[in-house]
Structure formats: C-alpha cells, structure tokens
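Notes follow the structure.
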Amino acid sequence: MMTFLAAFVFFMGVHIGIHRWSRRAFHVDLKLSRGIAAFLLSCMGFWGLANWFDAWRYGFLVPNEPGTLLLACVLIVNGHMLADFVWLAIGARYFNSKPRMDLIIHHVLVVVASISAYVLDVGFLVIVIGMSTELMPVTTGLGSLGRVLGKESLEVSSMRLRLFVLWIWRLPMWIVILSVLGREVLTGTTREALSGAYPIAIGACIGLIIMDAFWSARSLEGLRRVARGNVALGRS
C-alpha cells in the first residue's frame, strides 16, 4: 500500500510541478506531465521485457510471483492511474478542461486488468510489459514541449515519432499477445489454472488494438493538417 501511495504522490507532484512551471493551457501541461510519467513507466516496461522476455511464448500471461518486484511495479502503475484520474477531475472542475474519453477508456482498461490480476493471481507480468507501450505518450509530451518552447519542428517530429511507435511497437505487441492467447483458445491448449484470465486478456488486447488504430488515424490527420497549413503558407 505504501508503494501505491508513494507513486500517487509522486505522479501528482509531476502534474502539479509541470503546471506551475509551464502555466499554459491545462491540456498542454497535461500532455507534458503525462509524457514525463510515461517515460518512467516505459522504462519499467522495457526492464520487465528484458527480464522476462522468454514469457512471450505464453503471451506474457503467467501466474503472479508473490513478493516480487512485479507487484511493486503494478502498484506504481495503479498509483499513476489514480493520479491521472484525480488530475483530470481537477482540470474539469477548476480549469474548464474536458477529459478526453479515449484517455479515460484506456485508463479504465488498465484498472480492470489490474483488479483482475489481483483477484485471479495472474497477469502482473503482462501489465508491466505493457508499460513499454507508454512510449506513445512520451511522443505526445515532446509535442507539448515543442508548443511550450515555440518549436513547430518538434511538434511535427513528435507526430511522426508517434506513428512510428504505434506501428512498429504498440500495435505489433498487442497483435502478438492476442495471437498467442487466441491460438491457445482456438487449439484447446489453454492453461487450466489461467482459464479465467483469458477472456479478460483477449478483450483488453482487442480494445487496445482498436484504440491504437484510432490514435493512428488521429496522428495521420494531424500530420495532414500541418501539411495543408504549410502549403497554404507557401512552405516547401
């Protein structure tokens, strides 16, 4: 519990600190603070991937190991999620900021996955590995930094980098995990002890793939708007 509370306090501190430093529109500061948080979470995800890479053959869906760092990592993730929800609520209440529904849905998926992992005693690893896909919010944070610094080139580069992360890392990861778990279900080779976790894990993968496709479309549209703007201004 202390790990969870410490993570919550830390990530709230990041949100508040960035907002006090930047003093821009709430949604601009939110992207920047979430970018910093996402960088830390993605480091955690790649650490998990480096240490448990062999579990890819099981779609990273394996029984929890009690008393390990994986539990602490999931508690940190949950602390981050709570901090985001609280900060979004503060933004809506005091800064007239309308929370993005896609962000809320994404966070709800993570919360549901975390609760399921606690209850079913399986899934901590796939949650930690999944944090490597938080590279995408890092690119969003870079775009917000470009806006704060007045560097349009950084904003455009962040859009391109976001698509790279989506197409080279995020979508392939969820597709691989879905393929592994789906194959086990279709071939009747599911692990009996984990039977309750399959529907949740498969449903979460499908949901994340749909969301990544949505974010890909938004990123492409953003690049097109920039291109149209450059053409209108006579830029090459």
Side-chain angles (χ1 to χ4, degrees), residues 7 10-11 14-15 17-19 21-22 24-50 73 76-77 80-81 83-85 87-88 91 97-110 127-177 204-205 207-230 235:
F10 173 79
F11 288 115
V14 171
H15 287 311
I18 290 298
H19 186 66
W21 168 75
S22 174
R24 299 298 180 100
F26 181 85
H27 69 277
V28 174
D29 293 345
L30 175 63
K31 291 178 181 178
L32 187 52
S33 59
R34 287 198 67 248
I36 294 172
F39 173 76
L40 299 175
L41 293 175
S42 62
C43 288
M44 175 197 299
F46 283 108
W47 165 80
L49 191 63
C73 288
I76 290 172
V77 171
H80 162 66
M81 293 297 153
D84 270 12
F85 279 130
W87 191 239
L88 288 171
S97 174
K98 185 177 181 180
R100 281 172 38 202
M101 188 54 63
D102 56 331
L103 179 60
I104 292 176
I105 293 172
H106 173 269
H107 280 26
V108 168
L109 282 174
V110 176
I127 293 172
V128 173
I129 295 296
M131 289 301 104
S132 66
T133 65
E134 286 295 285
L135 278 177
M136 192 194 76
V138 174
T139 67
T140 304
L142 287 174
S144 184
L145 180 61
R147 181 171 299 185
V148 169
L149 299 178
K151 295 186 179 294
E152 184 181 342
S153 59
L154 183 56
E155 289 189 70
V156 176
S157 296
S158 73
M159 293 180 189
R160 292 171 178 156
L161 185 58
R162 188 178 310 132
L163 282 171
F164 180 84
V165 171
L166 279 162
W167 294 345
I168 303 301
W169 186 248
R170 281 183 68 113
L171 276 167
M173 169 171 281
W174 301 130
I175 290 171
V176 167
I177 294 176
C205 282
L208 289 166
I209 289 171
I210 292 172
M211 297 197 73
D212 282 353
F214 168 74
W215 284 325
S216 294
R218 283 191 60 173
S219 298
L220 283 171
E221 179 56 31
L223 283 173
R224 292 192 188 103
R225 282 198 304 269
V226 171
R228 288 195 295 267
N230 288 338
R235 296 173 184 171

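- Other residues, nucleotides and ligands contribute over 12 non-hydrogen atoms within 6.0 Å of the CZ atom of F85.
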F11 and I76: side-chain contact (heavy atoms from CB on, under 4.5 Å), yes or no, with the steps?
-> CA-CA 9 Å; F11 288 115; I76 290 172; 4.0 Å; yes

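- With hydrogens and angles ignored, the 3.5 Å screen pairs a side-chain donor or acceptor of S157 with a backbone N or O of S153.
- Below 30°, between 30° and 60°, or above 60°: for H15 and W87 the angle between ring planes is below 30°, a parallel geometry.
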Start with the C-alpha distance between L32 and W21, add both sets of side-chain angles, then the distance that settles side-chain contact (heavy atoms from CB on, under 4.5 Å), and finish with yes or no.
-> CA-CA 11 Å; L32 187 52; W21 168 75; 3.6 Å; yes

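- To the nearest 0.5 Å, the span separating OG1 on T140 from CG on L135 amounts to 11.0 Å.
- No more than 12 heavy atoms of other residues, nucleotides or ligands sit less than 6.0 Å from atom CZ of R160.
- Interatomic distance, CG of L30 versus OG of S144, reported as 8.5 Å (0.5 Å rounding).
- With rounding to the nearest 0.5 angstrom, the OG atom of S22 is 12.5 Å from the NZ atom of K31.
- Atom-to-atom distance recorded for R224:CZ and S219:OG is 10.5 Å, nearest 0.5 angstrom.
- Considering all non-hydrogen atoms of both residues, S158 and G143 come closest at OG-CA, 3.2 Å.
- Among residues two or more places apart in sequence or in another chain, the salt bridge (Lys or Arg N to Asp or Glu O under 4.0 Å) test is passed with R24 by none.
- Residues passing the side-chain contact (heavy atoms from CB on, under 4.5 Å) test with T133, sequence neighbours excluded: W169, R170, M173, W174.
- For the pair I105 and F214, the minimum side-chain heavy-atom distance is 4.5 Å or more.
- Here the closest heavy-atom approach between residue V77 and residue M44 is recorded as CG2-SD, 4.1 Å.
- The shortest side-chain heavy-atom distance between L109 and M211 falls under the 4.5 Å cut-off.
- For CZ of F46, the number of neighbouring non-hydrogen atoms (other residues, nucleotides, ligands) closer than 6.0 Å is greater than 12.
- With a 4.5 Å cut-off on side-chain heavy atoms, E134 and R34 count as touching.
- Rounding to the nearest 0.5 Å places CG of L88 at 6.0 Å from CZ of F26.
- Here the closest heavy-atom approach between residue I104 and residue P99 is recorded as CD1-CB, 3.7 Å.
- Taking CZ of R147 as the reference point, atom CD of E155 lies at 5.0 Å (rounded to 0.5 Å).
- The nearest pair of heavy atoms linking L163 to L223 is CD1-CD1, 3.4 Å.
- Scanning all heavy atoms of the two residues, the minimum distance from V128 to G48 falls at CG1-CA, 4.3 Å.
- Between G35 and V138 the shortest heavy-atom distance is O-CG2, 3.7 Å.
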